[in-house]
Each structure stands twice: as C-alpha cells, then as structure tokens.
Amino acid sequence: MSHAPQSALPVGHYAYDDVDRTFLKQRVAQFRDQVERRISGALTEDEFKPLRLMNGLYLQLHAYMLRVAIPYGVLSSSQMRALAQIAQRYDRDYGHFTTRQNIQFNWIKLEETPDILGLLADADMHAIQTSGNCIRNVTADQFAGAAADEVLDPRVYAEILRQWSTLHPEFTFLPRKFKIAISGSSQDRVAARFHDIGLMAREGENGRPVFEVYVGGGLGRTPVVGVKLRDDLPEEDLIAYLEAILRVYNEYGRRDNMYKARIKILVQALGVDGFRDRVNAEFSAMDKARYKLPETIVEAIRSRFGVPDFEEAGNGPEKLVQQRKADRAFDFWVQTNTHKHKQAGYASVTISCKPAGGIPGDVTSAQMNLLADLADQLSFGELRITHLQNVVLGHVRQDKLYDLWQVLEQNGLGTANVGFITDIIACPGLDYCALANARSIPIAQKLSERFASPDLQREIGPLRLNISGCINACGHHHAGHIGILGVDKRGQEAFQITLGGAADQAEVSIGQIIGSAMSEDETVDAIARIIDTYLTVRTAGESFIETCRRVGTTSFKDAAYATA
Amino acid sequence: MPLLENGQLKDDNWQSVADGAALPSGDILVPLSRLAEGLGRNNEGRLGVVLQSGDSVDALRQALPRLDCVQLIFPIFRDGRPFTQARALREHLQFKGEIRVGGHVLPDQYEFLLRCGVSAVLLREDSDLAVWQKAHDAFTVAYQPSVLEEQPEGFALRRRLF
C-alpha cells in the first residue's frame, strides 16, 4: 500500500522545495522589473528581446506568444489545471502542445505576462529558457519510467540537466539555441540524433549509467544527423563533458550569420574528429572536481521524484481481453493508443490531440481540466506531453482502459490514430507565426479529414506525416516519412513534399524533396495518390517508410505529379 | 568611464592605449597585438591587455604572470564569448588579477559575469547604479557550480549566492 513519505512527492517529476520556489519568485520579480524598464525606455526593444525570449515570450504576427516549459514533458494534474486557468483567463481558452513537450499560449498581452509567470510559479512552473540562444527545455522519452523496453529512467538526468542549465552564467548568450534530448531506452523515442546534443543512457558495468553522446544533429534549414562523440560517458562526467561541449561551441560557433550559428555547422566545419579533439582538450584541462556529478547528487535528485505505488494486476488483463473482444472500436484504440508497461496489469495510454479535422496539439481549457481529473483518477496524478503533440497517461490499470476510452470518446479525445497518417505534427504556421511562409493548420486539417476513416488508416499502417510552414522546420518535415514544407511561390502559399525522412527508425534519415511546390488542395490530392501507390507496391507487412526505402521515390514522385 | 567593482563605483586609473599611440608611463591597457611592446616597458607602471571577443585567452598564457588586468570587450551584449574568456582565465590559467568587461553589457548580465570570474564592469556614463545593484541582489541561489566556489545550498548542484 502507499508509502507515506513518498506519497507527498509528485509522481514522475522533481518536487520543488522552498529554495526552488524562492528562485522562481525571484525570477518573476526580475521579469516584472525588466518589463517596467522596457516600458520606461531604460531597455531598448533590442535589449529587451533576448530577456523576454528567455522567459518564453515571443512577439508573433498578431500578439505575444508565451511558451511554458514542461520539463521532460511531465506535469502533475494541478499543474495542468494551472495551465487551463491561464488559457481561460489570459488566452482564448486553449493552448497548444509543442514538439519540445511544452505548451504555447498564442494570445498573450505583454503587461499581463509577469502575472502569468507568477501563477505558473505558484504551480512550480516557469517559462525559463523556452526560447533564446540558450539551453532549452530538455526533452525525454514520453514513456519514461513506464516502458517495458526501458533500461533506465532518463527523467532524473533530464532534471539534473534542467537545473544545471538554468541561468547558466556562461551559456546564456550562446551563438544560437541549444537543444538536448535524453533517452533511457534502446528504442530512440526522442530523436536523439536530431538534437544539438542527444544522450542515450544505458546501464554501465559498475551498475551506474553510461551515456552515448551524439552532437550536431538538427532539422531547420540545414538538416543534419548527429554524430557520435562518446560511446561510454560515465555518469560522474555528464556535467563536465557537456560543459566542455558548450564551451567549445560558445567560443568557436559562428556569430556572423544566424543561419550558420547552430553547433551542427561548427561540427561540420571542424569535422567530427576536429570537434572531438577540442572538446577533449577542454575536458582534460577543466577542473574535474568542480563539475563532477557524484552518485550522491543523482540519488538526491532521484529521491525528489515520486514513484507510482502499483497495485497487483488481479484479473485486469483478462477483463481487458473480454472488453476488447466485445467492442471492435475499443480494440482498435487499445492497439494504437496504448504502450506496453513494465508493470503487469498496467498500460501507458497516448491520448490523441489530433481528432479528424482538428488542429494538431490544440487543447481547450475544458479538455485540460478533464485530462487533469483523469490523471488523478487513473494515473497517479501524472501527465506527459509528447514531442508528437499528444498527451500520455503513463500508468493506467488495464481494467480501467475501457472506462477511460469512453470518457475520452465523449470529449473529443478518443481518436484511435496514434502513429497513423492523421497523427500529424504541424507547426503553428502563418496563422500565428511571424516567420512562416504558409499556413500549416488548414492543410493538416484537410489531410486529417481526407484520411479520417479508421479502417483506411489501419490499412495504411504506421506513417509519420509532418508539416512545417517554413524552412525553419518547426514541424520537423525532414523527419517525416512524408513531410510537407510550406513555401512562398510568387506571393502564394504553396507546399513541397518530402519523402523518406525518419527519426523513429533504427536508421535515421532526412526526407528528400520530390519536386516543385503545389497548392494546398493539389498537395492533399498528391499525398492521396502517394498513399495509393504505396498500397499497390508494398509487400506484405511492409510499412510506408520501408517501402519508400526499398523502391525509392521515383514511383511516388510520378504519382504525386500525375494529373488525372 | 565609471568602473563598478564590488558594488562600488571607483575611479578607473588605467589608460587604454590606442593602436598607433606611443606607450605612456603609468598603468596601461594595450591591445593583444601590442602585448610584447607592453611587456618591454621598464617598471613604468602596471600592464593590462584588452581582448576582443574573438581573441583566444590562450595567447596570454605566457604573459599572464606579468599582467595585472585583462579587459574583455562585448561588441554587443548578445555576443557571449567574453563569459567563456573570463571563466577560462580563472579556471584554466589561474589568473588572479582584475578581469574587467567593457562594451555593450546589460545589468541583467551582471551576476553571470561575476560568476564567470569578472571582477569589474566599465559602465556607460548614464548608467543607473541602483539597477546594477538590484541585478546583483535578484537571486539568492544558482543551480550550478562556478569559479567563485560558492557554498552549496541544500542539495544537488545548487549554490548560495550570498
């Protein structure tokens, strides 16, 4: 039964103490002061911009956008309710989950932002370093601490890196933004090789973790697959080695051209061996004792994480088998939207935020409150946001799945499409974003409607469809099995199609553009023809990406540009 | 130009020597390109070097025991290289003298500068000292070790800032 000392801790994420809360209050006061200095003119807009960005505040096309950090994607039910309250009081009653496991509010007033940050601080949340040329929110596997294939829980290390990178004195004015992801499973669910630093943790020989370190991956204008720097970084060197990488980047990364300023460009310029030599030189010169991460600190952080108090499976699994037999739609949902749990009698549930015709990742305040209630009832009060813009309940008893599914169905959250063609990643696009060339949302909605049939989606099988409204690639189009890139074609919104990208396969790859841009409707039709071609040429059991890799893109290209 | 050190404004008695000018006597700051020349003076005062943000601190390795001051320049506040230069001077080269920063610096960066080992900041004439003091007092905790070797705060990597 429940262990009293642990029941007070939030399950799945770090519990703040008074020191952490004091820090957040001080951060809010600092930002309030910065806003006042901006309004008084003591700070120019040029000087204020990075300061507001490092509190998550962007100036978009129509309003300010506030991006709130959800460290490693995990939040408690009470934190979700605080987000719902912000959506309702300060926004237009909804929020948008992002590919960095954060949430964005799109209709924010500058002068209200300090109050919003204050509300967040009351819920042990913040918007620190969700933007700006600094170390961003560290992402982790959405099934951390639950997945049957997990080697170790990456969230403890993501939290250590969150703390270490928070207001880091040396790395807050880097050449460009810096993204770190960490996975604790042999199955890479974080796209580690598409990050500035990707960490793959595994058990080391002494019972402590070791990390594979990838560097220089990324999407954006210049998509690059990261290269391996270290195979076996010991836990105690984790902070020191990352310090060394960041020092080399801060000193040598380009600052003359923001499009050439990411670490991937530096790694390419120096070559992986040249880059590694500089990192190793820095690593061997530094004061190791100062930056050592001892086991005691790791365990002290770990002890601030609540752990779920699992119950015996009982006859839950048998009950689930019966319920699946009795209800075909429920059975489909279980197949697509649940993930194997390490604990007998439990499952992890992915709640799709992509209903047919909906806007990927958008959730209303009512849905947020519902999700919070469901987390309290069914998953130890814990929720996770995925980099695919969905929500996960990590630990649900198998005999509760049917009840859960019915409630989700009634509230527009029961779509059985996780991993399918309508589980679309899309950036906010020209509807919101000052950088975009084209709107991402309407074409996502049209594709979602075109392929809405559950039977058709199941027939097509696993397929990652990603949409970016411009070359900056926030919708990760290069990593989509099918990618869509919005461009400006002589003043008109148009779309290019890429094929063959993958961040979720053993072998990662970057999608290639198959031809010239088309209108929104032409693109939707072209993708339908690409899918028809796939269904014709695939061999038994072959997924879209596998077919694409086997036959190449020519036949798909011919289909895409065939006019009836 | 006023110099902020340990929360106090003080007179700056160092003379910066322009590229072509003859080296005066007294305490002088020379560009890296004139370091050898500066070292060649005979007991005419203390010597410091001005590093641009693109200069490598390693160029000072030999000369550093004979330098009393290194001045780092922010061409713009967003260019974060001087943070790494300062930290490297303290941590790699064990420099114990004055590290000062000039150029375009914001009060909001003050604490970061101190924690990277900077000891003084050249302020613009119109600077409001109270804003800098407030920036220094803004936080009582930091989340990582620094060259200042602050005391641990509670547990983990946290450090007490005063």
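Order of the sequence lines sets the chain letters (A, B, ...), proteins ahead of strands, with each chain counted from 1. Below, all heavy atoms of this structure are taken into account, side chains as well, without hydrogens, waters or symmetry copies.
- Arg87(B) touches chain A through its side chain: at least one heavy atom from C-beta onward sits under 4.5 Å away, while N, CA, C and O do not.
- Here His168(A) is the residue among His168(A), Gln30(A), Arg162(A), Gln34(A) with the most heavy-atom pairs under 4.5 Å with chain B.
- Both the backbone and the side chain of Val147(B) have a heavy atom closer than 4.5 Å to some heavy atom of chain A.
- Heavy atoms of Asp33(A) lying under 4.5 Å from chain B belong exclusively to its side chain.
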Quick one, Leu157(B) with Ile239(A), criterion side-chain contact (heavy atoms from CB on, under 4.5 Å). Give me CA distance, side-chain angles, the key distance, then yes/no. CA-CA 10 Å; Leu157(B) 298 171; Ile239(A) 298 291; 4.2 Å; yes
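- Going from atom SG of Cys116(B) over to atom CZ of Phe171(A) covers 8.0 Å, rounded to the nearest 0.5 Å.
- Comparing Arg27(A), Arg304(A), Arg247(A) by heavy-atom pairs within less than 4.5 Å of chain B, the highest count is held by Arg247(A).
- Proximity to chain B (any heavy atom under 4.5 Å) is shown, for Ala29(A), by neither the backbone nor the side chain.
- Annotation for Asp126(B): atom CG counts as buried by contact number, over 12 foreign heavy atoms lying within 6.0 Å.
- Residue Asp18(A) qualifies as open at atom CG: its count of foreign heavy atoms under 6.0 Å is 12 or below.
- Ranked by heavy-atom pairs under 4.5 Å with chain B, the list Thr172(A), Leu174(A), Thr22(A) is led by Thr172(A).
- Heavy atoms closer than 4.5 Å to chain A are found nowhere in Leu114(B), neither backbone nor side chain.
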Check step by step if side-chain contact (heavy atoms from CB on, under 4.5 Å) holds for Phe112(B) and Glu170(A). CA-CA 7 Å; Phe112(B) 296 147; Glu170(A) 192 174 337; over 6 Å; no
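- In this structure, Tyr291(A) and Pro145(B) have side chains that are in contact, with non-hydrogen atoms separated by less than 4.5 Å.
- Taking Ala135(B), Gly80(B), Ser53(B), Ser56(B) one by one and counting their heavy-atom pairs under 4.5 Å with chain A, the maximum is reached by Gly80(B).
- Val131(B) places a side-chain heavy atom less than 4.5 Å from the side chain of Arg37(A).
- Between the side chains of Thr84(B) and Glu251(A), not a single donor N or O lies within less than 3.5 Å of an accepting N or O.
- Panel note: side chain Gln144(B), backbone Thr166(A); a donor-acceptor pair is recorded below 3.5 Å.
- When all heavy atoms are compared, the tightest approach of Arg78(B) to Arg255(A) is O-NH1, 3.5 Å.
- Around the CD atom of Gln151(B), the shell of radius 6.0 Å holds no more than 12 heavy atoms that belong to other residues, nucleotides or ligands.
- Neither the backbone nor the side chain of Leu246(A) comes within contact range of chain B; no heavy atom of the residue lies under 4.5 Å from a heavy atom of that chain.
- Interface remark: Gln163(A) contributes backbone and side-chain atoms alike to the contact with chain B (heavy atom separation under 4.5 Å).
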Please walk me through it: do Asp46(A) and Ile76(B) pass side-chain contact (heavy atoms from CB on, under 4.5 Å)? CA-CA 11 Å; Asp46(A) 186 49; Ile76(B) 186 160; 4.2 Å; yes
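- In this structure, Arg158(B) and Ile297(A) have side chains that are not in contact, with every pair of non-hydrogen atoms separated by 4.5 Å or more.
- By the 4.5 Å heavy-atom criterion applied to side chains, Ile301(A) and Phe155(B) are counted as neighbours.
- Contacts between Leu167(A) and chain B at a heavy-atom distance below 4.5 Å involve backbone atoms as well as side-chain atoms.
- Side-chain contact check for Phe139(B) versus Phe23(A): some heavy-atom pair is nearer than 4.5 Å.
- Contact annotation for Glu243(A): neither backbone nor side-chain heavy atoms come within less than 4.5 Å of a heavy atom of chain B.
- Of the two parts of Phe77(B), the backbone and the side chain both hold a non-hydrogen atom closer than 4.5 Å to a non-hydrogen atom of chain A.
- A distance of 12.0 Å separates CG in Leu106(B) from CZ in Phe48(A), rounded to the nearest 0.5 Å.
- Heavy-atom neighbours of Gln94(B) CD from other residues, nucleotides or ligands within 6.0 Å: above the threshold of 12.
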Working note: Asp20(A) + Tyr143(B), criterion side-chain contact (heavy atoms from CB on, under 4.5 Å); need CA distance, chi angles, decisive distance, verdict. CA-CA 9 Å; Asp20(A) 299 308; Tyr143(B) 277 94; 2.5 Å; yes
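- Other residues, nucleotides and ligands contribute at most 12 non-hydrogen atoms within 6.0 Å of the CZ atom of Arg66(B).
- Checking each of His92(B), Glu91(B), Arg90(B) against Asp287(A) for a side chain to side chain contact (heavy atoms under 4.5 Å, CB included) leaves exactly one that passes, namely Glu91(B).
- Gln109(B) touches chain A through its side chain: at least one heavy atom from C-beta onward sits under 4.5 Å away, while N, CA, C and O do not.
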